[in-house]
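Take a look at the structure set out below.
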Amino acid sequence: MSKGSVEPENKEALKNFITQEIEKDLQEGKNGGAVLTRFPPEPNGYLHIGHAKSICLNFGLAQQFGGKTNLRFDDTNPVKEDVEYVDSIMEDIRWLGFEWEGEPKYASDYFDQLYEWAVMLIKKGKAYVDHQSAEEIAAQKGTPTEPGQESPYRNRTVEENLELFEKMKNGEFEEGECVLRAKIDMASPNMHLRDPLMYRIIKKEHHRTGDKWCIYPMYDFAHGQSDFIEGITHSICTLEFEVHRPLYNWFLEQIIEDMDPKPTVVPRQIEFARLNLNYTVMSKRKLLELVENNYVDGWDDPRMPTISGLRRRGYTPESIRDFADRIGVAKRDGIIDVALLEHCVRDDLNKTAPRVYAVLDPVKLIITNYPEGKVEMMVAVNNPEDESMGTREIPFSREIYIEKDDFMIDPPKKFFRLAPGKEVRLKNAYIIKCEDYKQDENGEVTEIYCTYDPDTRSGMEGSKRKVKGTLHWVSVEQSIPAEVRLYDRLFSDEDPNGHDGVDFKEFLNPDSLKIVKTARLEPNLKDVKPLDKFQFQRLGYFCVDKTSSEDNLVFNRTVPLKDTWAKMAKKK
RNA sequence: UGUCCCAUGGUGUAAUGGUAGCACUACAGAUUUUGGUUCUGUCAGUCAAGGUUCGAAUCCUUGUGGGACAACCA
């Protein structure tokens, strides 16, 4: 994977309220002109498109201002975290095209320092060990509109607190028996300042520190300091952490108070609105629920909004970065239309994906005046948008398959395809005319009979004739079979979370996956590899699935082509 | 009946006291050996009321609407 592979030099500088704030800081000479951002995931699930927004933002900001970006795992809760997630997160970030500065960092790297700071706070009389239960503490917390009450343990002596905290660390208390709390203000209108928890006892092995600790810092006591330790200049995070900011600042003030000399870099937190996409859910908890209950085929199911799911679906890193740029950054939350994401991937694939012929739902078409046993190799352009992609040859013969949809016995007015007595062009081959057809007892068309005009082979003078419709096709004899998975949105409702009292799973789209086993492909596709991407001409963009093999080709539909005909038909 | 944040076309985002622009969507047309792409056009917006100002989307006040905050989660 290349380093910092997003080409910052020819990318237009992004402008939003965060870049403006950073520019201001730079102008004021803050942080010695440095910009260091960070992407701080908790390794408790797979990354999704919302994280992609944050990744593109954090890495993009640094690139734009000549800075760097750290990757730091916020691994302060061993109960939920796992190395499987660490690995997937690193893979996804690299796949998106970003490379973090130095080694990946971990909040757990700072556990010793955090412990020292906790002790320091105790010594200052700004932290105490509380022996109440979680319920009691919650009951005293008050509500957003009422102040809380002080814990009976709030005024223990420094010595006592020091001793008790030491015992907590040494495992002399059971989980839940006591916690370390900051002593701030139980009446603060900001709930986060009402003596927040700093440490709790968790007797579980940590994925990095093993059994060294049985007390773990809360996120709020770890995050701001971790940024501080790393010298992060701008801590970019989502809106819900806005109310935490005064707490982070409080902790840092306590620490900095005792420092001499004073630090040159103190992180500045700036919050932005998280990404919401319609027709999907974005919370890790809900995505995990879909995975664990097998509503989908794992975290990388192509219907999932996860980065691994989008990758398997056939999305490109370029298209996701483009999407992140287009949605912008602001403080007001909203819902982005998935149509924009789809636009971005079509836009990219249109320029890069080779065009090929695939017939998903075949019906046999026999060209009655074409010699039996004859095979002609037809030349086709691989990508009309990119001449450098060259041409290829496709076998043509007397019997071909076309799409069932491309023939109608009794077509409506604007049907530009094949019908009895009508002419149509077979792309890169001949103009044919439908003479007859055969139906089975159910009225299903089983065979179509046509004649071709030998002077209309593509490239010949006769081929210049105007014909309204152009069809894709494959030769019966030479075509190869494949399985094609047609994906649609996972939810049929625009906002599956937006219905009070109705579980989001109620809106799961029963037609989100259709498996087509009848597909026939041009023979050039026999050696494709997972993640190879193509445009199936006239149908859409497709990507080879990870389960595909030489004897059993499997393609995922990334996104269909825009289809004005289908739209017209739907209206009627 | 608290604190904080937010409010621009259907959606998202610009305009930072001086002509409300861009993208997506939708619709119409041109081109087309993909009903794709490309090109052109159309519809459509400053939450409300006051105030400051020659001039307000922008500043102030009030209201309205939306969101966040009461995990030993992050």
Side-chain angles (χ1 to χ4, degrees), chain A residues 15-17 20 40-42 44 74-77 79-81 107 130 133-135 137-139 141-148 175-181 188-194 197-202 215-216 218-220 222-223 238-246 271 273 278 284-285 325-337 339-344 346-347 350-351 355 357 380-381 384-385 414-417 425-429 431 456 458-459 463-472 535-540 560-569:
Chain A
K15 224 184 141 196
N16 55 55
F17 81 102
Q20 287 176 18
E42 183 191 15
N44 68 341
D74 271 335
D75 53 352
T76 55
N77 186 356
V79 176
K80 290 186 176 176
E81 294 149 10
D130 195 336
S133 68
E135 294 71 33
I137 291 175
K141 200 106 197 183
T143 68
T145 55
E146 301 162 67
E175 283 190 21
E177 216 176 319
C178 54
V179 293
L180 184 71
R181 297 176 75 180
S188 171
N190 183 335
M191 301 279 296
H192 297 278
L193 264 19
R194 321 242 264 225
L197 269 61
M198 292 164 60
Y199 271 91
R200 77 289 212 196
I201 298 165
I202 301 176
I215 56 171
Y216 290 90
M218 299 291 291
Y219 174 86
D220 279 350
H223 189 83
T238 45
L239 253 25
E240 69 266 32
F241 294 105
E242 202 156 27
V243 275
H244 296 237
R245 188 172 1 118
E271 307 85 6
N278 59 11
K284 278 193 204 170
R285 205 207 87 229
D325 288 347
R326 288 183 194 237
I327 58 178
V329 182
K331 294 198 73 159
R332 107 184 65 117
D333 32 19
I335 302 176
I336 308 276
D337 196 336
L340 182 60
L341 220 208
E342 292 175 347
H343 168 82
C344 291
R346 284 196 191 100
D347 195 43
N350 177 48
K351 287 178 271 191
R355 267 106 245 233
Y357 289 158
V381 168
E385 307 292 317
K414 288 205 170 168
F415 189 77
F416 302 148
R417 307 175 185 182
R425 184 191 304 277
L426 295 173
K427 191 170 166 72
N428 296 120
I431 295 172
T456 60
S458 287
S463 73
K464 295 186 177 151
R465 203 164 87 218
K466 287 273 180 215
V467 181
K468 199 61 187 165
T470 301
L471 306 187
H472 64 279
Q535 184 196 99
F536 287 0
Q537 204 102 205
R538 297 213 302 136
L539 298 175
L561 252 30
K562 278 203 191 166
D563 190 345
T564 48
W565 167 247
K567 212 182 265 181
M568 281 165 66

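Just so it is clear: chains get the letters A, B, ... in the order the sequence lines come, proteins before strands, and each one is counted from 1. Computed from a prediction, not measured in an experiment: that's the story for all the values here. Every heavy atom of this structure was used, including side-chain atoms; hydrogens, water molecules and symmetry mates were not.
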Q) Watson-Crick or G-U wobble partner for B:G12, using a 3.5 Å limit on both distances? A)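 Per the H-bond distance test, B:C22.
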Which is true for [X] with a 4.0 Å heavy-atom rule: it touches a base, it touches only sugar-phosphate, or it touches nothing?
X	result
A:Asp563	sugar-phosphate
A:Ala134	base
A:Lys15	sugar-phosphate

Q: Assess whether one donor atom and one acceptor atom, taken from the side chain of A:Thr145 and the base of B:U1, lie less than 3.5 Å apart.
A: no
Q) With no angle test and no hydrogens, is the base of B:G35 tied to the side chain of A:Arg417 by a donor-acceptor pair under 3.5 Å? A)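 It does, because a donor-acceptor pair links the side chain of A:Arg417 to the base of B:G35 below 3.5 Å.
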Using atom [atom1] in both nucleotides, what's the gap between [N] and [M] to the nearest angstrom?
N	M	atom1	result
B:C54	B:U38	P	49 Å
B:G35	B:G29	C1'	15 Å
B:C24	B:C43	C1'	15 Å
B:G63	B:C5	P	16 Å
B:U58	B:U8	C1'	11 Å
B:G67	B:G51	C1'	28 Å
B:A26	B:A44	C1'	10 Å

Q.
Nearest heavy atom decides the nucleotide; on that basis, is A:Val329 or A:Lys466 closer to the 5' end of RNA chain B?
A. A:Val329
Q: For the side chain of A:Lys562, starting at C-beta, report the closest nucleotide among B:C5, B:U37, B:U34.
A: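 For A:Lys562, the side-chain atoms sit closest to B:U37.
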Q) Under the 3.5 angstrom rule, does the side chain of A:Arg194 hit a backbone N or O of A:Thr143 as a donor-acceptor pair? A) yes
